[in-house]
Asker: 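Before anything else, here's the structure in question.
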Protein chains: 2
Amino acid sequence: MTKKKSYTIRDIARAAGVSPATVSLVLNGKGDISGVTRARVLEAVASLNYVPRSTKSGIEAGDTLRFLKIAKHGHTVNRDHSVFISDYIDGMSAEATRRNYTLEIVSFEGQPISAVAESLAGAPISGVIALGTELSEADIRLVQGLGLPTVFIDTVYDIIDANFVDMNNEDAVYKVLARFQKQGFRRIGFVASHVDTNNFHLRRAAFFKNMARLGLTVQDGDVLSVESTYDGAYADTCSLLKSGIDLAECYFCTNDIIAYGFIRALKQFGVRIPDDVSVIGFDNLPQSATMEPALTTIEVSKRKIGYLAVTVLDDLINASEPQPPVKILVGADLVIRASDARGEPQEKRKAPAARAAGKLPAI
Amino acid sequence: MTKKKSYTIRDIARAAGVSPATVSLVLNGKGDISGVTRARVLEAVASLNYVPRSTKSGIEAGDTLRFLKIAKHGHTVNRDHSVFISDYIDGMSAEATRRNYTLEIVSFEGQPISAVAESLAGAPISGVIALGTELSEADIRLVQGLGLPTVFIDTVYDIIDANFVDMNNEDAVYKVLARFQKQGFRRIGFVASHVDTNNFHLRRAAFFKNMARLGLTVQDGDVLSVESTYDGAYADTCSLLKSGIDLAECYFCTNDIIAYGFIRALKQFGVRIPDDVSVIGFDNLPQSATMEPALTTIEVSKRKIGYLAVTVLDDLINASEPQPPVKILVGADLVIRASDARGEPQEKRKAPAARAAGKLPAI
DNA sequence: GACTGCTGTTGTTTACTAAACATGGGGAGG
DNA sequence: CCTCCCCATGTTTAGTAAACAACAGCAGTC
């Protein structure tokens with residue numbers, strides 16, 4: 001079996017009973033091929049032990065996008081965060097597949113950014129999507145400076161010339177505050193995180209900005225700060241309550257995890273949610289729907305963010321001219337449940353505008 | 001010629017010597033069809049006088065996107081603005097064609113927004129791109145409320161749940177101010193427009209925000225306001241100069257038109273550009289390259305904005321689920337010419353990251 | 001007369017291929 | 001040992017067959 005030059009695409013085609021073109025399309029993931037045919041071709045490839053010997057030396061690397069999952073300190077990008085990440089990955093991989101990219105994932109934990117940079121140098125990839133949650137401006141400039149087409153998700157910075165896709169924190173926080181206001185609350189508190197990722201920072205800024213926009217004043221003691229883990233938030237809130245702080249009418253928590261710990265502490269001190277204090281979170285983690293009381297929270301389509309990241313990246317990769325950097329903010333939805341006062345029936349997002357099916361005679 | 005039911009797609013196919021599928025593809029603009037074949041099919045269609053009688057009653061309207069060119073007062077959307085618009089249209093129509101949409105353009109001048117809304121009601125279109133330059137928040141809510149998939153370009157508002165694609169005014173202004181600062185200027189002025197479209201408003205806000213960010217203070221008399229036409233800006237600047245104002249070291253003009261009038265007035269009063277006063281504009285209109293001195297200014301890819309608007313709109317139209325609203329800010333470039341001090345050689349935008357052509361053996 | 005279900009006609013779309021095309025390795029000739 | 005050309009190999013475009021969907025019209029039923 002060594003003398004005979006190994007098989008060609010045409011041998012496979014004959015064995016599978018299809019045309020050479022079809023084999024080529026299957027092997028390169030192009031065109032529209034039915035599952036049955038694809039399977040038959042792949043089977044033939046396997047049984048004949050075909051090695052695509054042609055183009056370039058060894059095996060060819062298809063166009064690959066690399067997703068960098070970076071946890072510098074891990075205060076935020078941790079287990080609690082994993083629901084998120086998998087939604088991002090869903091969105092990215094669906095769109096990457098549609099555009100014939102392979103999506104590969106590389107995780108970094110506790111390593112310096114330079115390690116990330118090194119891993120990228122000379123890697124056989126077409127573009128990078130980096131999880132920016134814990135990245136500083138300097139980190140981003142460093143990664144951006146590597147010369148690969150790059151998109152950052154889950155963060156956004158002014159001034160930096162890089163591509164970002166993030167949730168629209170400012171509009172989201174507005175929805176929370178406007179909701180509280182509509183329910184008659186005037187004294188609105190904010191539960192922030194000790195650790196300040198960029199999104200947390202943006203939410204904090206949005207809190208003050210939108211309180212002002214709504215004509216509300218922030219009372220000094222109503223902005224709390226706790227650890228950004230369930231246990232930490234619980235413990236910190238307990239300390240605060242023990243020290244006898246004066247509670248506001250309602251609180252916006254910078255994320256759901258913190259809201260869970262916060263609520264648990266409140267309940268333990270006999271504060272009823274939402275009768276005494278209303279709470280709204282951010283992220284809409286799965287538990288939020290099932291906890292008691294069910295948490296009203298902000299929902300952002302992570303899939304959409306992943307999808308848009310791939311779209312922008314593909315443009316970057318294939319454009320013939322340099323592309324201007326683009327910053328995309330994806331809108332958020334307030335999903336109303338029971339943790340904010342006078343819980344009303346579940347709110348529905350407005351229906352999508354139906355596709356107009358025009359039927360007028362032309363001109 | 002009346003008894004015989006008029007021709008079918010299969011008659012055309014026979015006449016043109018192709019398959020019925022090909023005729024269908026040609027007539028619907030789908031698939032890949034060579035020019036020759038397309039021509040032959042269309043010829044057959046014409047010569048047989050074929051009327052696609054099937055689907056729905058009359059003639060079918062293809063998927064159409066409508067671009068709304070709205071000039072409410074015309075202070076901004078006028079002749080000077082037309083270079084812009086045509087760049088937007090270029091970007092939109094290229095992408096619309098690629099996605100098999102027809103792009104139609106409807107202009108409104110001086111009519112109330114309700115007229116725009118009426119024109120849309122029941123129109124046989126799939127989606128709308130609206131030129132938001134002169135639209136207020138209320139206008140946008142109104143158009144948005146019509147239930148058609150809609151994207152607004154050339155403006156962006158916080159809080160409103162609508163899709164926007166605009167230039168990144170804040171980052172752009174930062175680039176201007178950073179440039180001035182790097183050249184040693186500390187006293188930086190701003191030439192605003194009397195009329196306040198949203199982009200002008202955003203630039204004004206960005207001016208103050210970024211001056212603060214760069215640790216610079218704004219002197220009271222250094223923020224001027226003039227009319228937003230060439231003649232108006234010229235006349236207003238002359239009045240100011242006649243009244244003997246104290247000029248700053250350099251000025252950022254909120255757009256090129258104003259910069260032209262401003263510079264003309266300055267020159268007339270013996271102020272040398274850039275030796276005495278530096279000026280940077282915004283828009284990079286064609287004249288900016290050829291005037292004397294050539295104007296350093298901000299360039300934004302209007303084509304990219306148009307392209308992205310169509311992309312977002314297409315997502316909106318074809319998505320099976322409701323899509324979250326998206327706000328996109330396209331980055332700007334400072335194109336350095338002679339109107340700012342110590343004019344250096346023409347700056348080039350950094351080359352696009354080359355497509356990585358990976359060839360490593362897989363695992 | 002109205003409604004229901006069947007049937008054939010028309011147009012659409014998917015999955016596939018023929019043929020033209022690109023690429024590069026290897027052999028013939030210098 | 002180098003150059004050039006040819007052809008083997010894989011890729012891509014432009015097309016089709018066949019399955020499919022959407023009706024219109026008609027027959028049969030109540």
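Everything quoted here is computed from the prediction, not taken from an experiment. Each chain gets a letter, A, B and so on, in the order the sequences are listed, and its residues count up from 1. Values reported hereafter were calculated over all heavy atoms of this structure, with side chains retained and with hydrogens, waters and symmetry mates removed.
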Asker: As a test of reading the structure: which of C:dA18, C:dT10, D:dG15 is closest to the side chain of A:S19, going by heavy atoms?
Answerer: C:dA18
Asker: Expressed in angstrom and rounded to an integer, what is the separation of B:R38 atom CZ from D:dG15 atom P?
Answerer: 9 Å
Asker: B:S34 side chain N/O closer than 4.0 Å to the phosphate oxygens (OP1, OP2) of D:dG15?
Answerer: yes
Asker: How many whole angstroms separate atom CD1 of B:I9 from atom P of D:dA22?
Answerer: 16 Å
Asker: Looking at A:E104, I'd like to know if its CD atom is crowded, meaning that more than 12 non-hydrogen atoms belonging to other residues, nucleotides or ligands lie closer than 6.0 Å.
Answerer: yes
Asker: From the set D:dT16, D:dT9, C:dG11, return the single nucleotide nearest to any side-chain atom of A:T8.
Answerer: D:dT9
Asker: With the side chain of B:R10 defined as its heavy atoms from C-beta on, choose the nearest nucleotide among D:dT9, C:dT13, C:dT10.
Answerer: C:dT10
Asker: Sort out for me which residue in A:I153, A:V330, A:V326 forms a side-chain contact (heavy atoms from CB on, under 4.5 Å) with A:L308.
Answerer: A:V330
Asker: Side chain of B:T22 only, heavy atoms from C-beta on: which candidate in D:dA14, D:dT16, C:dT13 is closest?
Answerer: D:dT16
Asker: When the distance from CZ of B:R14 to C1' of D:dA17 is rounded to whole Å, what number comes out?
Answerer: 16 Å
Asker: Nearest whole Å is fine: how far is C:dT10 P from B:L27 CG?
Answerer: 15 Å
Asker: Base, sugar-phosphate or nothing for B:V18? Non-hydrogen atoms, less than 4.0 Å.
Answerer: sugar-phosphate
